[in-house]
Amino acid sequence: MTARTTAHRVQIEYCTQCRWLPRAAWLAQELLTTFETELTELALKPGTGGVFVVRVDDEVVWDRREQGFPEPTAVKRLVRDRVAPGRTLGHSDKQG
């Protein structure tokens with residue numbers, strides 16, 4: 001199987017006032033490790049006002065204001081559905 005040639009970009013916008021950089025950086029590391037061949041870029045975007053939003057190719061896939069803080073496996077599934085549909089995530093795909 002060959003790697004996808006489509007460029008995918010993930011952006012994690014986080015609140016600097018809330019000091020959520022460590023959480024954003026940890027999630028970024030999880031996504032980069034899982035999707036190292038599918039992602040061409042992952043950006044951390046400082047914000048304010050309690051923002052914590054994950055975007056894939058400019059589409060919001062997770063917004064803390066609506067959904068609370070994400071579990072990494074939930075975000076991985078949402079990213080996978082956009083950058084590598086049909087790919088298994090191994091243990092991350094198993095539900096409780």
Side-chain angles (χ1 to χ4, degrees):
M1 201 158 97
T2 59
R4 291 176 57 112
T5 56
T6 305
H8 292 287
R9 178 179 192 270
V10 171
Q11 179 190 79
I12 302 171
E13 185 176 3
Y14 65 95
C15 180
T16 57
Q17 297 166 312
C18 303
R19 304 205 183 278
W20 287 339
L21 173 59
R23 185 186 297 255
W26 178 68
L27 183 57
Q29 177 182 318
E30 289 288 312
L31 293 174
L32 285 170
T33 300
T34 302
F35 302 105
E36 59 189 6
T37 60
E38 291 86 3
L39 300 181
T40 55
E41 181 180 354
L42 193 146
L44 295 176
K45 180 180 179 184
T48 58
V51 68
F52 197 92
V53 175
V54 180
R55 294 178 181 88
V56 177
D57 300 328
D58 296 322
E59 175 192 357
V60 174
V61 298
W62 196 278
D63 188 336
R64 183 199 65 82
R65 288 189 179 116
E66 296 172 11
Q67 299 156 286
F69 275 111
E71 288 296 320
T73 54
V75 175
K76 285 180 186 181
R77 282 188 209 108
L78 292 166
V79 171
R80 183 265 323 266
D81 291 348
R82 285 153 181 84
V83 304
R87 177 176 151 193
T88 181
L89 294 175
H91 70 277
S92 294
D93 267 342
K94 293 186 173 74
Q95 305 250 352

Can you give the donor-acceptor pairs under 3.5 Å from side chains of residues 16-31 to other protein atoms, not counting sequence neighbours?
| residue | atom | partner | partner atom | Å |
| --- | --- | --- | --- | --- |
| T16 | OG1 | G47 | O | 3.1 |
| Q17 | OE1 | G49 | N | 2.8 |
| E30 | OE1 | K76 | NZ | 3.0 |

Review point. What distance separates L42 CG from L44 CG, expressed to the nearest 0.5 Å?
Key: 6.0 Å

Point to revise | Sidechain N-carboxylate O distance under 4.0 Å for E38, R87 | key: yes

Practice item. Can you see which heavy atom on G50 is nearest to which on C15, and at what distance? Key: N-SG, 3.2 Å

Review point. Going by the salt bridge (charged side-chain N to carboxylate O under 4.0 Å, His left out) test, which pairs reach into residues 63-72, not counting sequence neighbours?
Key: none

Counting only pairs under 3.5 Å, give me each side-chain donor-acceptor contact of residues 52-61, with atom names and distances, residues two or more places apart or in other chains.
| residue | atom | partner | partner atom | Å |
| --- | --- | --- | --- | --- |
| R55 | NH1 | Q11 | OE1 | 2.7 |
| R55 | NH1 | E13 | OE1 | 3.1 |
| R55 | NH2 | E13 | OE1 | 3.3 |
| D57 | OD1 | R9 | N | 2.8 |
| D57 | OD2 | H8 | ND1 | 2.7 |
| E59 | OE1 | R82 | NE | 3.2 |
| E59 | OE2 | R82 | NE | 3.3 |
| E59 | OE2 | R82 | NH2 | 3.2 |

Exercise for review: Determine yes or no for a side-chain-to-main-chain donor-acceptor pair under 3.5 angstrom, with W62 supplying the side chain and I12 the backbone.
Suggested key: no

Check your understanding: Do other residues, nucleotides or ligands put more than 12 heavy atoms under 6.0 Å from E36 CD?
Key -> no

Point to revise | Joint cluster assignment, F69 & V51, ILVMFWY side-chain distance < 4.5 Å | key: no

Check your understanding: With the 4.5 Å side-chain cut-off for hydrophobic clustering, are V10 and L89 part of the same group?
Key -> yes

Study note, to complete from the structure: dist F35:CZ -> R80:CZ (nearest 0.5 Å) comes out at 7.0 Å

Exercise for review: Answer with yes or no whether the hydrophobic clustering places V75 together with L32; edges join I, L, V, M, F, W, Y residues whose side-chain heavy atoms lie under 4.5 Å apart.
Suggested key: yes

